[in-house]
Amino acid sequence: MSALQFHWFLPTNGGDGRQVVDGGHGVGAGASARPASVSYLGQVARAAEDNGFAAALTPTGAWCEDAWVSTAMLSQVSARLKFLVAFRPGIVSPYLAAQMAGTFQHLTGGRLLLNVVTGGESHEQRMYGDFEDKDARYERCGEFLHIVRRLWAGETVDFEGKHLRVEGARLAQLPDPVPDVYFGGSSPAAGLVAAEHADVYLTWGEPPAAVAEKVRWIRGLAGGRPIRFGLRVHVINRDTSEEAWAEADRLLAGIGEDDIARVQAGLRRSESEGQRRMLDLNGGSKSGLEIHPGLWAGIGLVRGGAGTALVGSHTEVADLIEEYREVGIEEFVLSAYPHLEGAYWFGEGVLPELERRGLWSHPAPPRARPAAVPFAS
């Protein structure tokens with residue numbers, strides 16, 4: 001297995017703050033909220049870059065800033081960091097998406113990765129003008145990725161499928177390199193698309209045994225086609241275990257019962273199998289949230305999507321990461337509250353521990369500086 005890769009998160013989904021409920025996902029901004037500005041997001045991007053993260057996931061959805069526009073702007077205030085841009089097939093045409101990827105790679109020097117989000121909420125899809133049902137969206141996604149892959153290979157594409165059609169399609173500029181495709185989904189339809197088209201299959205932070213089952217499932221569907229596996233999860237790491245769990249308790253104390261009831265009611269209408277699994281982990285209650293040693297389900301009480309966090313000392317979190325590595329996870333897409341400080345907590349605490357274990361190395365290690373000895377003759 002290759003060395004581990006770590007990615008961070010850009011909070012364009014309602015802003016950032018010192019509480020889980022500082023904005024986004026139907027929860028109003030609190031007193032400590034930080035808006036999703038170029039200035040602040042640029043700080044987060046540079047913190048991720050400096051601390052050794054390879055890329056930053058930028059989400060998509062009606063409650064987010066547009067991921068393509070946001071990352072294009074942020075690429076100009078960072079130097080090395082790649083951007084894992086979430087986008088929805090069916091919202092843009094396959095040719096336009098393939099062309100946008102080529103432009104992004106050309107103008108940023110190859111700093112694009114793509115996170116394909118098929119869409120688990122029909123009401124939200126209809127806001128974008130998409131009235132297909134869930135199964136049809138996955139069928140269309142497979143056709144979309146088939147077309148895009150052929151375009152990136154330099155082919156002239158004539159294709160007529162059940163959902164999509166292109167004629168004489170050929171890119172004038174190919175993306176160099178071709179961006180890796182990240183894909184998640186827990187339903188049978190999602191598994192089939194991931195097995196055929198994904199470079200990296202992403203799953204949310206379920207306990208390691210459940211993640212191992214997903215890895216086996218996708219590998220079986222892929223039939224030997226190479227595919228990597230990644231985990232999307234939050235992290236709360238501190239110098240000691242006691243400090244980390246105290247921080248988890250502080251975040252939990254900031255979550256009101258009214259917010260839990262309202263957000264949970266909305267999330268239970270989701271068509272996403274992965275979202276249902278996240279809700280089952282927290283049960284809508286503030287009790288019993290450590291669902292595996294060091295894995296805490298409190299975030300999902302008021303947040304859609306990734307709802308769990310790795311919690312513990314730097315060493316304990318590194319141990320849990322190794323546990324996930326043993327079941328096949330090679331990439332981790334992480335976040336924290338706030339994201340700016342969280343990048344430093346993880347980058348200065350956990351990553352050096354993983355480097356000592358030979359599991360990770362900085363993608364652009366800083367140059368050594370000569371020691372300064374004050375008043376030396």
Return the minimal non-hydrogen interatomic distance between Gln105 and Pro177, and the atom names on each side. NE2-O, 2.7 Å

Sub-4.5 Å side-chain heavy-atom contact between Ile321 and Leu4: yes

Flag, side chain of Thr308 to backbone of Leu295, donor-acceptor distance under 3.5 Å: no

Do you reckon Trp8 sits in the same ILVMFWY cluster as Leu57, going by side-chain contacts under 4.5 Å, direct or chained? no

Examine distances only and state if a side-chain atom of Arg46 and a backbone atom of Val77 form a donor-acceptor pair shorter than 3.5 Å. yes

How close do Gly185 and Trp217 get, heavy atom to heavy atom, and via which atoms? O-CZ3, 3.9 Å

Give a yes or no on whether a salt bridge exists between Glu247 and Arg250, defined as a side-chain N under 4.0 angstrom from a carboxylate O. yes

Only pairs at least two apart or in different chains count here, so list each salt bridge (charged side-chain N to carboxylate O under 4.0 Å, His left out) that has a residue in residues 336-347. Arg18-Glu341, Arg34-Glu341

Across all chains, not counting sequence neighbours, the salt bridge (charged side-chain N to carboxylate O under 4.0 Å, His left out) partners of Glu243 are none

Is Val148 linked to Leu84 within one hydrophobic cluster, defined over Ile, Leu, Val, Met, Phe, Trp and Tyr using a side-chain heavy-atom separation of less than 4.5 Å? no

side-chain hydrogen bond (donor to acceptor under 3.5 Å, both in side chains) contacts in which one or both residues fall within residues 193-202, not counting sequence neighbours: Arg149-Asp199

4.5 Å side-chain heavy-atom contact, Phe159 and Pro94: no

Could you go through Leu281 and Met278, starting from their C-alpha distance and side-chain angles, then the distance that decides it, and tell me whether this counts as side chain to side chain contact (heavy atoms under 4.5 Å, CB included)? CA-CA 5 Å; Leu281 292 179; Met278 284 288 101; 3.5 Å; yes

Can you see whether His362 engages Glu355 through a side-chain donor-acceptor pair at a distance of less than 3.5 angstrom? no

Hey, are Ser2 and Arg228 close enough side-chain-wise for a donor-acceptor pair under 3.5 Å? no

Using a 3.5 Å distance criterion without hydrogens, assess whether the side chain of Asp259 forms a donor-acceptor pair with backbone atoms of Ile255. no

Are there over 12 heavy-atom neighbours, none belonging to Lys82, within less than 6.0 Å of that residue's NZ? no

Nearest atoms (heavy-atom pairs only) where Gly304 meets Leu267: CA-CD2, 3.7 Å

Closest heavy-atom pair and its distance - Ala306, His234: O-NE2, 3.0 Å

Do Phe229 and Thr203 touch side chain to side chain, with heavy atoms closer than 4.5 Å? no

Can you check whether Arg216 reaches Glu213 side chain to side chain, under 4.5 Å on heavy atoms? yes

Any heavy-atom pair between the side chains of Pro175 and Leu112 that's under 4.5 Å? no

Salt-bridge criterion met for Asp319 and Arg357 (N-O under 4.0 Å): yes

How far apart are the C-alpha atoms of Gln264 and Asn282, what are their side-chain angles, what is the distance that settles it, and do they pass the side chain to side chain contact (heavy atoms under 4.5 Å, CB included) test? CA-CA 10 Å; Gln264 291 274 312; Asn282 65 59; 3.4 Å; yes

For the student: nearest non-hydrogen atoms of Tyr128 and Gly61, plus distance: OH-C, 3.2 Å

Could you note down all residue pairs passing ring-ring contact (aromatic ring centres under 6.0 Å, His included) where residues 66-113 supplies at least one of them, sequence neighbours left out? Phe87-Phe144

Heavy-atom donor-acceptor pair, Glu65 side chain to Ser70 backbone, under 3.5 Å: no

Rounded to the nearest 0.5 Å, what separation is found between the OG1 atom of Thr58 and the CG atom of Leu41? 8.5 Å

According to ring-ring contact (aromatic ring centres under 6.0 Å, His included), does anything in residues 304-334 pair up with another residue at least two apart or in another chain? List the pairs. Phe6-Phe332

Under a 3.5 Å threshold, yes or no: a donor from one side chain and an acceptor from the other, between Ser285 and Ser287? yes

Within the 4.5 Å heavy-atom criterion, are Thr12 and Pro59 side-chain neighbours or not? yes

Please report the interatomic distance SG(Cys64) to CG(Leu10), rounded to the nearest 0.5 Å. 11.0 Å

Can you tell me how far OG1 of Thr60 sits from CZ of Arg88, rounded to the nearest 0.5 angstrom? 4.5 Å

Counting only N and O atoms by type, is there a donor-acceptor contact under 3.5 Å from the side chain of Asp16 to the main-chain atoms of Pro11? no

For Glu271, the option from His123, Arg276, Arg137 that meets side chain to side chain donor-acceptor pair (under 3.5 Å): Arg137

Determine yes or no for a side-chain-to-main-chain donor-acceptor pair under 3.5 angstrom, with Asn237 supplying the side chain and Trp345 the backbone. yes

CG (Leu231) and CG (Leu310) are apart, to the nearest 0.5 Å, by 7.0 Å

dist Ser186:OG -> Arg277:CZ (nearest 0.5 Å) comes out at 5.0 Å

Could you give me the CA-CA distance, side-chain angles and deciding distance for Val333 and Asn115, then say whether side chain to side chain contact (heavy atoms under 4.5 Å, CB included) is met? CA-CA 11 Å; Val333 183; Asn115 179 30; over 6 Å; no

Does the side chain of Ile299 reach to within under 4.5 Å of the side chain of Tyr337, using non-hydrogen atoms? yes

All heavy atoms of Glu49 vs all of Leu81, minimum pair found to be OE2-N, 2.7 Å

Within the structure provided, determine whether Glu132 and Gln125 are in side-chain contact (heavy-atom separation under 4.5 Å). no

How long is the straight-line distance from CD of Glu155 back to CG of Leu174, given to the nearest 0.5 Å? 10.5 Å

Between Thr103 (side chain only) and Gln99 (backbone N and O only), is there a donor and an acceptor less than 3.5 Å apart? yes

Should Leu164 and Leu171 be regarded as members of a common hydrophobic cluster, given that ILVMFWY residues are connected when their side-chain heavy atoms come within less than 4.5 Å of each other, either directly or indirectly? yes

Can you tell me which residue pairs pass the side-chain hydrogen bond (donor to acceptor under 3.5 Å, both in side chains) test with a partner in residues 164-179, sequence neighbours excluded? Thr156-Arg170

Dump the intermediate steps for side chain to side chain contact (heavy atoms under 4.5 Å, CB included) on Leu334 and Phe9, then the final yes or no. CA-CA 6 Å; Leu334 304 175; Phe9 184 84; over 6 Å; no

Give a yes or no answer on whether the side chain of Arg219 reaches the backbone of Ile227 with a donor-acceptor pair at less than 3.5 Å. no

Donor-acceptor check, side chain of Glu139 to backbone of His163, threshold 3.5 angstrom: yes or no? no

NZ/NE/NH1/NH2 to OD/OE distance under 4.0 Å, Glu322 and Arg325: no

Say whether Arg232 and Ser335, considering side chains only, have a donor N or O and an acceptor N or O under 3.5 Å apart. yes

